[in-house]
There are 4 protein chains.
Amino acid sequence: MKYNKIDNKKEKKKNLIMDAAEKLFIQKGYQNTTMTEIAKKSKLAKGTLYLYFSSKKDLYFTSVERALRTLKELIDEGINNCKNGFEKVVSMGKTYVNFSINYENYYRLILDYETQETKFDESDPNVKKAYEKSEEIFNLLVSSVTEGKNDGSIDKNLDTTKISIVLWAEITGLVQQVSLRRDLYKKWTALNPGQIFDYYIEVTQRMLSAQKSY
Amino acid sequence: MKYNKIDNKKEKKKNLIMDAAEKLFIQKGYQNTTMTEIAKKSKLAKGTLYLYFSSKKDLYFTSVERALRTLKELIDEGINNCKNGFEKVVSMGKTYVNFSINYENYYRLILDYETQETKFDESDPNVKKAYEKSEEIFNLLVSSVTEGKNDGSIDKNLDTTKISIVLWAEITGLVQQVSLRRDLYKKWTALNPGQIFDYYIEVTQRMLSAQKSY
Amino acid sequence: MKYNKIDNKKEKKKNLIMDAAEKLFIQKGYQNTTMTEIAKKSKLAKGTLYLYFSSKKDLYFTSVERALRTLKELIDEGINNCKNGFEKVVSMGKTYVNFSINYENYYRLILDYETQETKFDESDPNVKKAYEKSEEIFNLLVSSVTEGKNDGSIDKNLDTTKISIVLWAEITGLVQQVSLRRDLYKKWTALNPGQIFDYYIEVTQRMLSAQKSY
Amino acid sequence: MKYNKIDNKKEKKKNLIMDAAEKLFIQKGYQNTTMTEIAKKSKLAKGTLYLYFSSKKDLYFTSVERALRTLKELIDEGINNCKNGFEKVVSMGKTYVNFSINYENYYRLILDYETQETKFDESDPNVKKAYEKSEEIFNLLVSSVTEGKNDGSIDKNLDTTKISIVLWAEITGLVQQVSLRRDLYKKWTALNPGQIFDYYIEVTQRMLSAQKSY
DNA sequence: GATGAATGAGTTTTCATTCAT
DNA sequence: TATGAATGAAAACTCATTCAT
């Protein structure tokens with residue numbers, strides 16, 4: 001009991017630090033964020049950070065992990081209420097889009113991490129851990145497509161792996177573009193992110209649905 | 001004549017340095033690449049780099065610019081032989097895909113730049129310049145879609161801006177995913193990048209073509 | 001209370017660093033003194049210097065300011081006990097001479113600063129600040145001469161501005177010569193600085209005093 | 001003959017380089033002046049400078065020497081037409097003042113050199129050489145005072161060494177102040193340098209002349 | 001003689017991490 | 001636990017000097 005309370009307290013402080021760190025990592029990137037800034041933003045002393053995280057890297061990866069875990073939880077939640085594979089696939093896309101809007105900081109941190117991924121040392125256990133989290137999500141997509149082809153909600157002629165890759169790439173690409181280039185797109189068009197996503201989903205659902213036969 | 005020769009020589013050396021720098025920027029990112037490493041890789045002394053580029057930033061942005069210029073040239077070239085808007089749009093996608101394969105370093109450098117873009121000082125003229133280059137390409141896509149709708153090769157019911165954004169986000173997202181996650185995908189599937197792209201293009205062409213009416 | 005203690009501690013450390021830096025600046029000049037040397041001399045790590053001074057320039061100018069402030073305080077002190085303008089002028093000269101002997105490092109630092117003054121960026125606020133300090137001292141001389149002419153202790157026929165400039169130039173010139181060329185003069189004569197200054201003051205007092213009429 | 005011509009040509013080029021270097025040394029100081037700038041200003045290639053001067057230091061000291069030699073020549077010239085010691089002393093002061101006005105660059109270079117003197121390596125033969133030149137001038141002053149005391153034009157009660165030191169310090173101090181602080185003095189008074197010098201000479205002549213007895 | 005590209009040692013500054021209090 | 005002063009390795013950049021042409 002007592003340990004739990006302590007752990008809980010510790011966990012809360014860790015979250016506090018990550019909340020501060022996250023914002024800076026997003027804004028300025030991993031390299032340009034200093035421990036001094038993180039300490040200042042979290043209103044703690046520099047040394048204190050090292051009581052909760054062993055290094056700057058640890059702090060970064062733990063933050064990324066928290067974000068990925070949250071995304072995974074939301075996706076799982078969304079899928080639970082779906083009655084067939086097609087709906088699951090659509091739900092995953094919608095959840096991802098909503099995540100990027102409602103948990104903007106988490107989303108941007110994941111993005112920062114993924115685009116930098118190759119620059120981190122692959123053998124680092126933290127890197128591997130985050131890698132696996134991404135894989136879990138992709139596997140969920142593959143199994144949903146399979147389920148859909150089996151229950152007849154997704155066109156049987158589609159290649160499971162191919163379409164999964166394409167779909168995941170499309171959705172992540174789209175969300176990233178909209179997120180990174182929000183200001184640019186605002187300049188080019190009056191559309192807000194939601195409208196662009198809706199349009200994409202509308203166009204893509206038709207491509208995917210079993211009623212049409214490609 | 002003499003001046004041309006000198007300029008040419010200087011240009012060649014600049015390219016030599018950029019070739020070396022590029023690889024490091026891609027591998028380790030802008031921040032993690034040091035001028036000492038670049039010097040070593042290009043087999044020159046550190047000071048020599050500063051004879052050709054005023055700063056590390058200058059070297060980076062000039063490299064990005066070279067890559068973007070090359071992409072733009074290839075796209076222009078590809079479009080020239082197309083007989084209608086639909087073909088132009090398809091050509092742009094194909095060129096982009098091929099660019100990511102044939103000019104892998106250039107592609108990855110652009111990617112590195114674009115994903116870090118928000119972390120650079122926006123008011124920097126170099127940043128603005130690269131920004132504009134991206135815009136040019138997007139504008140080309142918009143005008144190709146417009147042309148396609150006019151010449152009847154693209155479905156008139158599609159919203160020009162919306163579909164342009166979606167298409168560009170899809171294609172860049174797809175290429176990025178395939179590029180960044182090449183090893184991951186290799187693990188998941190036997191498909192090579194080319195096959196994934198072909199599949200995407202096949203699926204998308206149907207969505208776009210005027211014959212079908214969504 | 002606690003804050004005072006902290007501030008005091010910080011101030012002491014700053015003084016410690018300045019003491020070390022000063023000696024090097026005097027010996028080798030601003031340019032030829034490196035932060036590494038200053039760190040070594042003050043027995044601190046290089047990085048520590050930057051906890052107390054934002055840059056080498058800051059360290060230099062803060063040291064100059066401390067020296068000028070001290071000089072100004074001594075002059076003010078000396079003037080307080082004078083009963084007429086003539087005595088004030090003489091007091092200023094004596095204080096300046098004594099300062100150059102008793103606070104040799106401070107004096108030499110000011111000298112180093114003033115002879116390099118034109119090489120610093122005039123628009124720098126630090127430069128301006130030091131400039132003003134010098135002006136304050138000159139103004140004090142002018143007002144003392146004026147006072148002396150009014151109270152009858154200085155010859156009324158003398159032009160206030162002219163004589164102030166000449167006196168100040170003479171005294172600073174003399175002190176500088178004696179300071180810079182100490183070794184040279186030692187070679188030429190058995191006189192020590194004090195004797196030279198006394199001789200100058202003796203000769204000059206006559207020139208200045210109201211009893212004689214030039 | 002031929003050698004003379006070559007030497008002459010070489011000498012001319014050396015002077016050309018020194019003219020350019022001098023201006024930069026005065027403006028920005030020895031340290032802040034780069035060989036590249038000197039090359040540019042003298043419209044020669046950087047490597048060419050090293051054909052005429054073995055190092056930056058050599059270039060600097062040779063320039064200083066040229067300036068000191070010129071001053072010495074002017075002083076000698078001025079002294080030649082004087083009929084007694086008193087006149088010689090006055091002539092030296094006037095020549096020095098005029099030198100600071102008519103050969104401003106030379107004067108400022110000497111000044112820069114002398115105020116930095118202690119920062120140069122004393123054992124350097126170039127430093128010694130310049131040192132000796134200064135000594136020659138001072139010795140000339142001492143012998144003029146002696147001559148004046150002998151020929152009755154200077155008050156016999158004055159101590160030769162003391163008064164020589166004081167006079168030389170005063171005049172060099174005054175000229176330096178006026179030169180370094182020209183802008184400052186312009187702000188404080190409408191007097192031009194010439195007027196300040198005249199005033200000094202007028203005041204000092206009285207102090208010195210044999211008619212008065214101190 | 002003349003050139004200017006190339007060199008690399010040396011400079012200022014930053015910042016993750018440690019540790020005495 | 002919490003602090004923040006101290007550390008020193010590492011980075012970008014400069015510039016006197018050399019040397020092949």
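Numbers restart at 1 for each chain; the letters A, B, ... are given by sequence-line order, proteins then strands.
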Check your understanding: Do the non-hydrogen side-chain atoms of B/Lys13 and B/Tyr52 ever get within less than 4.5 Å of each other?
Key -> yes
Review point. Any side-chain heavy-atom pair from D/Leu49 and D/Ser42 closer than 4.5 angstrom?
Key: yes
Integer-rounded Å distance: [N] [atom2] and [X] [atom1]:
X	N	atom1	atom2	value
D/Lys40	F/dA16	NZ	P	15 Å
D/Tyr60	F/dA16	OH	P	15 Å
A/Phe53	F/dT1	CZ	P	14 Å
B/Leu24	F/dA12	CG	P	12 Å
D/Leu59	F/dC15	CG	P	16 Å
D/Asp58	F/dA16	CG	C1'	13 Å

Check your understanding: Taking the six-membered ring for Trp, are D/Phe25 and D/Tyr60 parallel (under 30°), tilted (30 to 60°) or perpendicular (over 60°)?
Key -> perpendicular
Review point. Which residues pass the ring pair (Phe, Tyr, Trp, His ring centres under 6.0 Å) test with D/Tyr106, sequence neighbours left out?
Key: D/Tyr103
Exercise for review: List the protein contact pattern of nucleotides 6-13 of chain E with one symbol per nucleotide (5' to 3'): B for base contact, S for sugar-phosphate-only contact, - for none; contact means a heavy-atom distance under 4.0 Å.
Suggested key: BBB-BSBB
Review point. Using purine N1 to pyrimidine N3 plus N6-O4 or O6-N4 for Watson-Crick, or N1-O2 and O6-N3 for G-U wobble, both under 3.5 Å, which nucleotide pairs with F/dA16?
Key: E/dT7
Study note, to complete from the structure: pair_partner(E/dT21), Watson-Crick or wobble, both distances < 3.5 Å, evaluates to F/dA2
Check your understanding: salt bridge (Lys or Arg N to Asp or Glu O under 4.0 Å) with A/Glu22: which of A/Arg108, A/Lys41, A/Arg66?
Key -> A/Arg66
Exercise for review: List the steps and the verdict of side chain to side chain donor-acceptor pair (under 3.5 Å) for B/Asn32 and A/Tyr30.
Suggested key: CA-CA 11 Å; B/Asn32 297 311; A/Tyr30 175 76; over 6 Å; no
